[in-house]
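In what follows, a structure is listed as structure tokens, so that the remarks can point back to it.
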Amino acid sequence: MLFYLTGKVLISHLRMEGKYFYYLDQVPERKHAHIFFQFEDGGTLVYEDVRKFGTMELLAPDLLDAYFISKKLGPEPKDQDFDLQVFQAALAKSKKPIKSHLLDQTLVAGLGNIYVDEVLWRAQVHPARLSQTLTAEEASAIHDQTIAVLGQAVEKGGSTIRTYTNAFGEDGTMQDFHQVYDRTGQACSRCGTVIEKFQLGGRGTHFCPQCQRRG
DNA sequence: CAAATTCCCTGCTAGC
DNA sequence: TGCTAGCAGGGAATTT
């Protein structure tokens, strides 16, 4: 989230549980309120973050482009930005497990641990498959499902797993559409096989051992 | 150089 | 009942 201030830009990354609330007048006492922006008209914008994982950076506007370049942030998960050829070429050069590679934000922006598991289930690709071993068809499926899953997640207002809400305090509903995340021990909706979970790159990883073969 | 691992923070849950 | 250990997650820092 970018705030264009007078002479500076404030970059605020909410991570999983950062939230902003705006109060016209009285600001309620809240345990996890950390940052208060007071406006001249009496309103207050409050940043809350239960686990203090969010980050904020203040920099000069002319450094903004360089900032994003240094992060090596990939394209937006949209058809017009996320180029399949570029994606396939990058995968062909990498020995990383596909899940770890999708999570690092360089191929495409926006995939976190929940949605990467959902994308790989939909594309029927095992999370530990090495990037360079994927077929053109598999890469294409991952590309298409990334756009589909993130598009749907935005439409549903995100996934409320713990405390996530939007700025109006409303829960998202994307969790109702999860096929593998947090469904360990339950039947795969496609084939009935029991969903399993293991650690990959330090992340809990959910998958269907029948639909997503190691190959 | 690329890939793997560690760490940050707090709240919740499982196990004793 | 109350305690602790383990887990969750994005990404920077550190190690392999």
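These numbers come from the heavy atoms of this one structure, side chains and all, not from hydrogens, waters or symmetry mates. Proteins get letters first, then strands, A, B, ... in listed order; numbering begins at 1 in each. This is a predicted model, so every value here is computed, not measured.
For the pair A:Gln132 CD and B:dA2 C1', the computed distance is 12 Å after rounding to whole Å. Between A:Gln199 atom CD and C:dG6 atom P the separation is 13 Å, expressed in whole Å. For the pair A:Ile98 CD1 and B:dA3 C1', the interatomic distance rounds to 14 Å; values are reported in whole Å. Rounded to whole Å, the distance from CZ on A:Arg51 to C1' on B:dC8 is 11 Å. Distance, A:Lys95 NZ to B:dA4 P: 11 Å, rounded to whole Å. Taking atom CD on A:Glu17 and atom P on B:dG11, their separation rounds to 10 Å, with Å as the unit. We find that CZ of A:Arg30 is positioned 17 Å from P of B:dT10, with the value rounded to whole Å. To the nearest angstrom, P of B:dC9 lies 19 Å from CG of A:Leu14.
Checked by atom type and distance alone, the side chain of A:His143 pairs as donor or acceptor with a backbone atom of A:Phe82 at under 3.5 Å. The closest donor-acceptor contact from the side chain of A:His34 to the backbone of A:His32 lies under 3.5 Å. For A:Arg190 (side chain) and A:Trp121 (main-chain N/O), a donor-acceptor pair under 3.5 Å exists by modelled atom type.
Each of A:Leu134, A:Leu84, A:Thr135 was evaluated against A:Ser140; a single residue qualifies, A:Leu84, per the side chain to side chain contact (heavy atoms under 4.5 Å, CB included) test. The side chain to side chain contact (heavy atoms under 4.5 Å, CB included) test with A:Val46 singles out one residue from A:Tyr20, A:Phe36, A:Tyr22, and that residue is A:Phe36.
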Step-by-step ring pair (Phe, Tyr, Trp, His ring centres under 6.0 Å) determination, A:Phe37 to A:Tyr47: CA-CA 8 Å; A:Phe37 299 92; A:Tyr47 178 72; 8.3 Å; no
Verdict with reasoning, A:Lys99 to A:Asn113, per side chain to side chain contact (heavy atoms under 4.5 Å, CB included): CA-CA 9 Å; A:Lys99 172 170 174 173; A:Asn113 200 48; 2.8 Å; yes
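Using a 4.0 Å heavy-atom cutoff across all strands shown, A:Ser94 reaches sugar-phosphate atoms only and no base atom.
Note that NZ of A:Lys19 and CZ of A:Arg30 are 8.0 Å apart. Values are rounded to the nearest 0.5 Å.
Of the candidates C:dC7, B:dA4, B:dT10, the closest approach to any side-chain atom of A:His32 belongs to B:dT10. Of the candidate nucleotides B:dC9, B:dG11, B:dA4, B:dG11 has the atom lying nearest to any side-chain atom of A:Lys31.
Of all the residues in residues 145-152 of chain A, not one reaches under 4.0 Å from DNA chain B with any non-hydrogen atom.
At least one side-chain heavy atom of A:Thr106 sits less than 4.5 Å from a side-chain heavy atom of A:His101.
The two residues A:Gln105 and A:Leu111 have their closest heavy-atom pair at NE2-O, 2.9 Å. Looking at every heavy atom in both residues, A:Ala123 comes nearest to A:Gln145 through N-CG, 4.1 Å.
End-to-end axis angle for the helix from B:dA2-C:dT16 to B:dC16-C:dG2, using five pairs per end and rounding to 10°, comes out at 60°.
Contact annotation: A:Lys52 reaches the phosphate of B:dT10 (side-chain N/O to OP1 or OP2, under 4.0 Å).
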Per-nucleotide protein contact string for nucleotides 10-16 of chain C, where B marks a base within reach and S marks sugar-phosphate only (heavy atoms under 4.0 Å, - for neither): BBS----
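Comment: A:Lys156 does not engage A:Asp176 in a salt bridge, judged by the lack of any side-chain N to carboxylate O separation of less than 4.0 angstrom.
Where A:Asp49 and A:Leu130 each meet DNA chain B at their nearest nucleotide, the meeting point lying more 5' is that of A:Leu130.
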